[in-house]
Amino acid sequence: MGIGFEQMWAELQPLGRSATSGGYFRQPFDAAERECHAWFVEQAQLRGLEVGHDGNGNSVAWWRAAEHAGRPAVLTGSHLDSVLDGGAFDGPLGVVSAFGAVDLLRERGFVPSRPIAVAVFAEEEGSRFGLACLGSRLLTGQTTPDQARALRDRDGGFLLDAMSAAGLEPELGRSDLFGEVAAFVELHVEQGRDLVDRDAPVGVASAIWPHGRYRLDFTGEANHAGTTRMADRQDPMLTYAMTALAANKQARLADARATFGRVEVAPNGINAVPSRVTGWLDARAARTETLDAMVDAIGRQADDRAGRDGTRVVLTVESQSPAVDFDPVLAWRIADRLGGVPMIATGAGHDAGVLSASGVPTAMLFVRNPTGVSHSPAEHAELADCLAGVDALAATLADLAG
Ligand code: GLV
Ligand code: MN
Ligand code: MN
């Protein structure tokens, strides 16, 4: 039998936590994320669940019996990596709740008719190698091994080297880690306030907005901050700054989202006009046409401003995630089974979206977040709502594997 939700949560709490901000730094294949991973293996073993790994850094814990042979599994779970200075819940809540749901079902004497598997996906946030859902993309073939091999972290390190340094034996590409999957259900903390507004502890996802990551390289002329007349400058910082404002305006106009959350400046000195600014744009919208039109408009405004600043700008699409409409039959079945909980669309990306795109019937459960704040140390969910989430996940797994 396993340990309770609160004890699991308490064990994970110190791993990768910053003493200054209280936020989490669990970047893939670094020490803190590996500790979380070791915790996962320990929890699986404690419950007698057989652990498996693939060469992409993904892992699974199996609840299965001889009579399940040949039957497609019901998969649950989430990820243990975090954004830089992230919250405690984004990812781990889905893994802890999965173990909690297995415990509940066993306590109730439930006997599954097919395997139930708890998954942990690698580099869901893309916080180290830039590509979100890297583990699930590789596993399903949506990212090729060659594409993954070319990715570098901020120190210029390659994915394969990072994996090897963490003691893994990488073998990138499609994997059969889960065998055939009848359904995947990912439980996740909500990253907005829909459930607060609807006064509901738990909801079901209807869709994920299409989204993308775009790199904008602004180049100009490095020069002296004191002696270069303002009219003589070719300052890429100005072009970047105006582009950030334009992105904000375009997103507001389109009821979409646009964020520059990462910027690099060269040479990054106080007393020099920069030679280069690189900004990463994260853009999302409810519809693909809206997203494409918004990114086009931002690019045009950046070009236009570069013309006036005497600078240059190049926009590169780093990754795109198409719209996901979760299996409506599965979503309604789960929502009904849970007594008519709300259905909500989200602007956040998830491994569930990647599995859904690969043809697996997929659903998500959301647990209420009182402030809606996420990707921040302030991310939160109340214990009572987390336990309601475990209950909802257990009911869903019982329905799908009963
Ligand atoms: C993942 O959390 C994302 O939506 O960026
Ligand atoms: Mn997540
Ligand atoms: Mn996230």
Side-chain angles (χ1 to χ4, degrees), residues 12 16 23-28 33 36 40 57-58 75-98 118-137 142-143 184-192 194 203 205 207-215 251 256-262 280-286 291 318-324 326 344-357 362-369 371-381 386 389 393:
L12 272 179
Y24 288 88
F25 290 83
R26 294 168 173 166
Q27 275 51 71
E33 189 255 13
C36 293
F40 169 77
N58 303 307
L75 188 65
T76 183
S78 189
H79 61 98
L80 292 170
D81 63 303
S82 76
V83 294
L84 299 169
D85 211 12
F89 294 81
D90 179 352
L93 185 62
V95 180
V96 170
S97 300
V118 179
V120 172
F121 293 98
E123 175 68 310
E124 191 273 349
E125 299 288 5
S127 69
R128 180 162 180 186
F129 293 99
L131 182 57
C133 300
L134 181 56
S136 55
R137 283 177 188 257
Q142 291 171 59
T143 290
F184 174 44
V185 184
E186 180 173 1
L187 178 145
H188 205 278
V189 67
E190 205 213 332
Q191 296 171 292
D194 276 17
I208 295 180
W209 285 13
H211 51 284
R213 294 180 177 192
Y214 311 81
R215 194 182 73 244
R257 314 279 183 265
T259 309
F260 278 97
R262 179 181 172 197
W280 280 263
L281 171 68
D282 177 310
R284 313 187 187 211
L291 175 64
E318 289 206 331
S319 64
Q320 283 176 316
S321 304
V324 173
F326 287 113
I344 51 183
T346 177
H350 299 285
D351 295 305
V354 175
L355 264 71
S356 175
T362 300
M364 290 193 77
L365 292 174
F366 289 130
V367 169
R368 176 165 56 191
N369 172 338
T371 60
V373 172
S374 185
H375 284 187
S376 146
E379 183 180 83
H380 186 66
C386 295
L393 182 60

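Ligands are counted one by one from 1 in listed order, and the atoms in each one are counted from 1 as well.
Rounding to 10°, one obtains 120° for the angle at the Mn ion (ligand 2) between NE2 (His79) and NE2 (His188).
In summary, His350 places no N/O/S atom under 2.8 Å from the Mn ion (ligand 2), failing the contact criterion.
Looking only at distances, no side-chain donor or acceptor of Asp282 sits under 3.5 Å from a matching main-chain atom of Thr259. Glu379 contributes a side-chain N or O that, together with a main-chain N or O of Asp90, makes up a donor-acceptor pair within less than 3.5 Å. Remark: the backbone N or O of Glu186 is not paired with any side-chain donor or acceptor of Thr76 at under 3.5 angstrom.
Of all N, O or S atoms in Glu125, the one lying closest to the Mn ion (ligand 3) is OE2. Of all N, O or S atoms in Asp90, the one lying closest to the Mn ion (ligand 3) is OD2.
Geometrically, Arg284 does not engage Trp209 in a cation-pi contact defined by less than 6.0 Å to the ring centre and at most 45° from the axis.
Taking a heavy-atom cut-off of under 4.0 Å, ligand 1 is surrounded by Glu125, Arg284, Ala348, Gly349, His375.
Ring geometry, His350 versus Phe366: the interplanar angle falls from 30° to 60°, so the pair is classed tilted.
Proximity of the aromatic rings of Phe184 and Phe121 is defined here by a centroid distance below 6.0 angstrom, and this criterion is met.
A salt bridge is defined here as a Lys NZ or Arg NE, NH1 or NH2 lying under 4.0 Å from an Asp or Glu carboxylate O, and Glu190 with Arg368 fails to meet this definition.
Looking at His79 and Asp351, their side chains never bring a donor and an acceptor atom within 3.5 Å of each other.
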